[in-house]
Each structure stands twice: as structure tokens, then as C-alpha cells.
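Order of listing sets the numbers, starting from 1, for every ligand and every atom in it. Remember, predicted model here, so these are calculated numbers, not experimental data.
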Amino acid sequence: MLEVNVTKKLGTTLINVSFEAPEKGITVLYGHSGAGKTSVINMLSGLLKPDKGRICLNGNVLFDSAKKINTPVHKRKAGYIFQDKRLFPFMSVRKNLLFGRKRGISPKVRLEDITALLGISDLLDRKPDFLSGGEGQRIAIGRALLAEPDFLLMDEPMSSLDQDRKNELIPYIRKIPEKFGIPVVLVTHAYEEAAALADHVVLLDGGRVTGNGKSKMILPRINYAAPLSPAQ
Ligand SMILES: Nc1ncnc2c1ncn2[C@@H]1O[C@H](COP(=O)(O)OP(=O)(O)OP(=O)(O)O)[C@@H](O)[C@H]1O
């Protein structure tokens with residue numbers, strides 16, 4: 001179980017978010033631009049410190065202002081996938097993938113298993129400049145998984161891809177929670193992405209939670225009660 005109860009003042013915006021999400025499956029944080037999605041995911045990773053509150057993953061307290069606990073970023077064991085793939089251009093795909101490996105610890109996740117899972121076995125000797133956007137994001141996901149995270153955070157991972165590349169990436173993201181037994185928290189403002197990926201949805205609006213539950217309960221409400229503009 002992921003338990004989040006945080007407040008954070010950012011300029012004139014107050015983020016005041018409280019929700020629980022299951023430890024299994026993909027939880028989508030969904031909302032308009034400016035709703036607070038990235039701020040929340042940054043508080044989960046430790047990149048942004050809440051003013052007050054508590055964040056707990058499977059009984060492991062990551063942040064608790066009352067108890068003065070603030071687990072540093074590198075100890076939270078979060079895998080982070082950004083909008084752009086952020087690979088090292090001068091390194092081969094293989095070196096990029098192995099970059100986050102902890103030395104001296106025998107790995108539980110094997111490179112071959114990751115490359116097979118993500119369909120990137122034939123790309124290992126290429127440089128990132130010679131990959132499609134979708135391939136690049138799969139490498140970024142592989143790199144995060146090889147670091148053996150306790151949870152995976154994805155901030156608009158498909159926003160820079162065209163529709164065909166999005167459709168290509170979706171099945172790979174869907175496989176992650178089951179294969180690795182880790183929760184995935186994914187930010188999007190695109191309804192189709194939420195519909196294709198979410199097991200659980202947290203609706204955000206103006207820094208607050210306006211809905212939280214299984215995707216089949218929440219997604220119909222997005223369609224009718226809180227549509228995003230067609231341009232989004
Ligand atoms: N460092 C900051 N200083 C002041 N205001 C900030 C800061 N960071 C974020 N904000 C404001 O907080 C609000 C939430 O921002 P956030 O980036 O979390 O929203 P979002 O839902 O991820 O939006 P988007 O989909 O556009 O990325 C916005 O109004 C933003 O302008």
C-alpha cells in the first residue's frame with residue numbers, strides 16, 4: 001500500500017493531497033496541467049520535500065514531518081522515468097542500461113531478462129541518437145528496472161512520442177508491475193493513456209484529490225465530469 005498525505009506551498013499554489021493506492025498495479029495520477037501531478041511524484045521520489053505530512057510505502061516510512069523522517073532520494077529506491085528519455089548520448093545502450101547497477105551486489109534482475117522483456121536485445125550496441133523515441137523510453141525503463149527499485153515513478157513518459165510509438169510502448173509498461181512485483185505511479189493528462197494503463201486512478205485538480213479508486217470506477221467520471229480540453 002502506498003499512503004500519501006502531504007501539503008506543500010509552491011508559490012501561490014497549495015498542494016494538499018491525501019490518497020492511498022494499492023502496492024500492486026499501475027496507479028495513474030491524472031489531471032489538468034498545473035493540477036500538481038509532478039509535484040506529488042517529486043515528493044514521492046524525495047526530489048521535493050513536503051512542508052508537512054507522511055509518505056509510506058508498504059509500511060516503510062519515506063517521509064514523516066511529525067517524526068522528522070525524510071529518507072534521502074538515493075535511499076528511497078525509486079526508479080524515475082521522465083518525459084524525455086535522458087540517456088547518456090556518448091554511451092552505448094548496454095552501458096546506459098547498466099549505469100545504475102550497484103557494484104558488489106549480485107543482481108536479482110538480469111540484463112538478458114530486461115532486454116527480452118522490453119524487446120531491446122538487438123539495440124545493445126547502438127548509441128541513443130540512433131533510437132526511435134519509443135525505443136529510447138524502453139531503454140530508460142530498462143535502466144530504471146536494472147537498478148532494482150522498490151517502486152517506479154513515471155512522469156508523462158509518453159508525452160514526447162507520436163501515437164504509433166505510444167501504442168508500441170503501452171504493452172511494455174503494462175507488464176512491469178506483475179513481472180517485478182513493484183508498484184508503478186504514472187503521471188498523465190491524456191485520457192487514452194490513463195485508460196490504457198491504469199489499474200487505479202487518483203484524480204488531481206488544483207492541488208487536491210478529487211477522485212481516487214479503481215480505474216473502472218474513476219475513468220467514466222473523467223469522461224463526463226472532468227473532461228480535459230480536446231487540445232490536450
Ligand atoms: N517551484 C515552484 N514555485 C512556484 N510554483 C510552482 C513551483 N513548482 C510548481 N509550481 C506551481 O504548482 C502548480 C502545480 O505544478 P505541477 O508541475 O505539479 O503540475 P502538473 O499537474 O504536473 O502540471 P503539468 O501537467 O503542466 O506538468 C502549478 O500551478 C505550478 O505553477
Side-chain angles (χ1 to χ4, degrees), residues 2-21 26-57 62-63 65 70-73 76 78-86 133-134 136-137 140-141 144 149 151-163 165-166 169-170 173 183-213 215 218-219 221-223 225-232:
L2 175 64
E3 300 159 72
V4 179
N5 181 353
V6 287
T7 58
K8 176 81 182 171
K9 189 100 172 23
L10 288 166
T12 54
T13 306
L14 180 67
I15 310 279
N16 185 356
V17 163
S18 181
F19 67 88
E20 288 181 358
I26 298 177
T27 294
V28 165
L29 303 184
Y30 180 90
H32 295 271
S33 183
K37 308 180 294 295
T38 296
S39 304
V40 170
I41 213 167
N42 283 343
M43 288 190 261
L44 298 181
S45 70
L47 292 173
L48 184 67
K49 186 180 172 200
D51 296 333
K52 241 173 99 174
R54 188 168 183 274
I55 301 170
C56 188
L57 177 66
L62 303 180
F63 180 83
S65 56
N70 185 17
T71 307
V73 177
R76 290 198 185 192
Y80 211 133
I81 314 291
F82 299 90
Q83 297 182 6
D84 48 354
K85 50 195 185 296
R86 299 194 191 186
Q137 275 306 46
I141 292 168
F151 58 127
L152 200 60
L153 305 173
M154 308 180 95
D155 192 356
E156 306 258 13
M158 300 200 281
S159 64
S160 64
L161 306 181
D162 61 33
Q163 194 55 50
R165 299 286 90 72
K166 282 184 189 179
L169 187 57
I170 282 167
I173 296 178
V184 175
V185 180
L186 184 144
V187 160
T188 186
H189 62 248
Y191 177 81
E192 322 78 62
E193 288 175 26
L197 290 167
D199 297 301
H200 193 91
V201 177
V202 178
L203 278 184
L204 291 176
D205 190 14
R208 289 178 175 269
V209 175
T210 54
N212 177 23
S215 59
I218 301 292
L219 287 175
R221 273 177 52 191
I222 296 174
N223 257 340
L228 296 179
S229 72
Q232 292 181 315

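Heavy atoms from other residues, nucleotides or ligands lying under 6.0 Å from NZ of Lys49 number 12 at most.
Of the possible polar contacts, none joining the Glu193 side chain to the Ala198 backbone as a donor-acceptor pair under 3.5 Å is found. Counting only distance, with no hydrogens or angles, the side chain of Lys37 and the backbone of Leu186 share no donor-acceptor pair below 3.5 Å.
Partners of Glu3 by side-chain contact (heavy atoms from CB on, under 4.5 Å), not counting sequence neighbours, listed by chain and number: Met1, Glu20, Arg54, Cys56. The side-chain contact (heavy atoms from CB on, under 4.5 Å) check on Asn5 picks up Ser18, with sequence neighbours excluded. Shown here are the side chain to side chain donor-acceptor pair (under 3.5 Å) partners of Asn42, two or more places apart in sequence or in another chain: Tyr80.
Protein residues lining ligand 1, listed by chain and number: Leu10, Gly11, Thr13, His32, Ser33, Gly34, Ala35, Gly36, Lys37, Thr38, Ser39, Glu156 [non-hydrogen atoms, distance under 4.0 Å].
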